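Input: a single structure, listed below in structure tokens.
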Amino acid sequence: MTIQKYTVQHLEQIIDVPMDKIEEALEVPPDRSLGDLAFPCFILAKKLKTSPVQIARTLAGRLKDSKSFERVEAVGPYLNLFLPKQQLTEEVITEILRKGKSYGDETVNKGTITIDLSSPNIAKPFSMGHLRSTVIGNSIANIASKKGYQPIRINHLGDWGTQFGKLMVAYNKWGDEAAVKKSPIKELNTLYVKYHEEVKGNPDLDDEGRQWFKKLEDGDEEARKLWTWFREESLKEFQKIYDLLDVQFDSMHGEAFYNDKMKPVVEELNERNLLKESEGAMVVDLSEFELPPALIQKKDGASLYATRDLAAAQYRKATYQFARSLYVVGHEQSLHFEQVKKVLLKMGYTWADDMEHIPFGMILQDGKKMSTRKGKTVLLEEVLNQTIQQAKKSIESKNPTLEKKEKIAEMVGVGAVIFNDLKQSRLNSVEFDIESMLRFEGETGPYVQYTYARACTLLAKGDWDVDKNSGTNDVEEPYLWEIIMTLEKFPGTVERALHEYEPSILSRFLIELSRYFNQYYGKVRILGGTEEEQMARLNIVKAVTIVLEEGLRLLGIKAPEKM
RNA sequence: GGCCCCGUAGCUCAGUGGAUAGAGCGUCGGUUUCCUAAACCGUGCGUCGCAGGUUCGAUUCCUGCCGGGGCCGCCA
């Protein structure tokens with residue numbers, strides 16, 4: 001039983017308010033000495049036509065002899081409760097030790113949830129922006145899975161569009177096969193940047209680019225060959241990053257996959273009389289929703305972004321029968337997803353209401369959007385290499401005898417980058433700052449990992465054993481109750497992170513738990529004393545490692561037992 | 001011009017319809033014969049952007065304004 005539930009259950013007998021209302025009102029007092037939990041009596045004031053101060057006093061009087069609370073005090077309008085810490089501590093720890101990793105799991109099946117994430121553009125470097133989508137989406141997938149959904153991770157690759165025509169022009173004019181083979185993304189990106197420089201003085205290039213893309217769409221052999229080659233080389237490079245991040249996808253269907261699936265969509269729109277000609281293009285009018293029209297077809301008949309996403313949405317519904325469908329894409333595309341959803345609703349697909357855009361803020365450089373075309377991109381691979389190097393340096397100076405240094409440096413370096421991203425609220429724009437990722441102190445991934453490693457060392461040295469996990473904790477030890485309260489919040493925190501699609505809620509929780517544990521560690525000698533005492537303390541340590549490891553896993557971060 | 005996001009400590013950012021608004025970084029100082037100092041402890045005089053409104057109570061909800069960013073037809 002959770003601490004909140006315990007309290008609610010015992011309050012319910014004397015307060016005539018529905019249990020969920022009581023639970024909602026309960027709060028942690030600003031100062032520990034005031035109590036463990038408090039019930040503000042304002043919500044009763046109107047109903048009872050009495051001052052909240054008086055109500056608190058009355059309730060305190062009625063609870064005076066209750067065995068459920070150690071002590072009850074009325075302070076102003078607050079009813080302050082002192083809980084039976086001994087009993088609750090035991091209950092919380094026992095539950096976590098019994099459930100292990102599955103602590104906080106939801107067992108009811110909530111159906112399939114598709115998650116559109118990562119989606120880098122072929123032939124372009126994997127940028128920091130795509131990192132955000134990848135780690136946020138992956139974490140939401142992990143969290144959804146813990147809470148009873150079957151996540152389907154879809155990498156909607158940007159592998160189609162006019163830019164490939166442009167790239168082919170550039171490659172044919174200035175490209176070098178050997179150079180591309182050697183370093184595909186870098187070379188192709190250089191070509192792409194060069195193209196955008198050259199086009200300024202030679203606008204005819206754009207026509208050539210469009211022609212090449214048209215050839216590609218028409219199945220021209222040479223164009224097709226180049227496209228396949230660019231795509232394969234790009235995927236190989238991306239795979240290195242996905243391996244480092246340890247992210248796997250259930251589907252790699254990119255935009256090109258929907259090539260033959262767009263025509264039926266356009267036809268369907270036509271049949272339903274939803275298409276309208278406007279300035280030569282075909283659009284769906286959305287003025288009833290106070291939105292600008294959705295562009296479905298260019299005047300030359302070619303498809304557009306929205307067309308592809310309509311086809312993709314239908315395909316996903318048909319293939320996966322999703323209960324929910326998420327799109328982890330930058331917030332600058334909010335309008336687009338709103339339009340797609342509304343078009344589907346106009347088509348009569350009520351399941352479009354289960355689709356949700358999960359936007360996130362941009363990565364800025366000098367306060368501005370990064371531009372691929374100008375070559376102003378920060379490459380994720382380079383960033384990861386730097387942080388891994390930094391981790392290696394730290395290990396050399398702090399723990400030179402550590403085994404498997406390379407492996408652990410990778411866990412720490414990659415963890416630092418992922419955590420640095422996931423601790424931000426999704427929607428905040430962030431200034432790209434390599435320094436903040438290279439710092440392993442304070443509110444960082446390595447801080448949480450370090451806390452975990454320290455705790456693991458204690459378990460090893462103290463010879464913790466499941467079968468010996470008896471012993472009674474001294475609940476008056478500093479920070480122990482804070483640890484218990486925090487551990488107990490874990491299932492609810494994961495739930496909230498899913499409900500808000502906000503991994504940062506979980507990141508901050510892990511920082512809080514780590515801090516309390518480090519404070520406890522600093523004040524209380526864990527190994528030593530009687531065997532009973534040591535085992536009781538190690539049970540706390542074990543519970544902390546379970547929650548830290550599982551929490552990090554949900555964020556997509558590895559937890560090293562030593563570092 | 002319309003719509004969306006953001007505005008809290010020197011910096012980066014949490015937070016909440018309620019009791020004295022918090023963390024990290026940075027500054028200065030301290031802690032190791034003892035479990036990993038990637039840690040811990042101490043050190044903060046904040047108009048919670050501004051102005052109204054709702055409320056017993058607003059930094060939190062609503063409206064307007066100001067400032068920053070984004071999106072708004074043939075890119076994705």
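From a predicted model like this one, the values you see are computed outputs, not experimental measurements. Chain letters run A, B, ... following the sequence lines, proteins first, then strands; residues in each count from 1.
Two residues, A:Leu335 and A:Ile408, neighbour RNA chain B, and the one matched to the more 5' nucleotide by heavy-atom proximity is A:Ile408. Taking for each of A:Met563 and A:Asn428 the nucleotide of RNA chain B with the nearest heavy atom, the 5'-most of the two is the partner of A:Asn428.
Here, B:rC28 and B:rC66 have their P atoms 43 Å apart, quoted to the whole Å. Between B:rU60 and B:rA21, the two C1' atoms lie 11 Å apart (nearest whole Å). Straight-line distance between the P atoms of B:rA23 and B:rG44: roughly 12 Å, to the nearest whole Å. Across the P atoms, B:rU32 and B:rC6 are found 46 Å apart, a figure rounded to whole Å. Rounded to the nearest Å, the gap between the P atom of B:rC25 and that of B:rA19 is 27 Å. On the P atoms, B:rU63 is 10 Å away from B:rC4, given to the nearest whole Å.
Rounded to whole angstrom, the span from the CD1 atom of A:Ile511 across to the C1' atom of B:rA38 amounts to 14 Å.
Among the heavy atoms of the strands lying under 4.0 Å from A:Ala38 is at least one base atom, whether or not backbone atoms are also near. Nucleic acid contact class of A:Leu304 (heavy atoms, under 4.0 Å, all strands): sugar-phosphate only. As judged by a 4.0 angstrom heavy-atom cut-off over every strand, A:Val448 is placed among residues making no nucleic acid contact. Base contact: A:Lys299 has a heavy atom under 4.0 Å from a base atom. At the heavy-atom level, A:Leu527 lies under 4.0 Å from base atoms of the strands shown.
Under the 4.5 Å side-chain criterion, counting only non-hydrogen atoms from C-beta, A:Ser118 is in contact with A:Phe126.
Between A:Gln424 and the phosphate of B:rU12, there is no side-chain N or O to OP1/OP2 separation shorter than 4.0 Å. Listed pair A:Tyr447 / B:rC40 meets the phosphate criterion, a side-chain N or O lying under 4.0 Å from OP1 or OP2.
The aromatic ring of A:Tyr78 is stacked on the base of B:rA19, with the two ring centres less than 5.5 Å apart and the planes inclined by under 30°.
Distances were taken from every side-chain heavy atom of A:Arg515 (C-beta onward) to each of B:rG24, B:rC74, B:rC34; the shortest belongs to B:rG24. Of the candidate nucleotides B:rA76, B:rA37, B:rA19, B:rA19 has the atom lying nearest to any side-chain atom of A:Asn80.
Looking at A:Lys405 and A:Glu396, a side-chain N of the basic residue comes within less than 4.0 Å of a carboxylate O on the acidic one, giving a salt bridge. The residues A:Glu406 and A:Lys392 are annotated as salt-bridged, a charged nitrogen and a carboxylate oxygen being separated by less than 4.0 angstrom. A salt bridge links A:Arg32 with A:Glu482: at least one charged nitrogen is closer than 4.0 Å to a carboxylate oxygen.
Annotation: cation-pi pair A:Lys166/A:Tyr195 absent, no NZ/CZ under 6.0 Å from the ring centroid and within 45° of its normal.
Annotated as syn: B:rG73, whose glycosidic dihedral is within 90° of 0.
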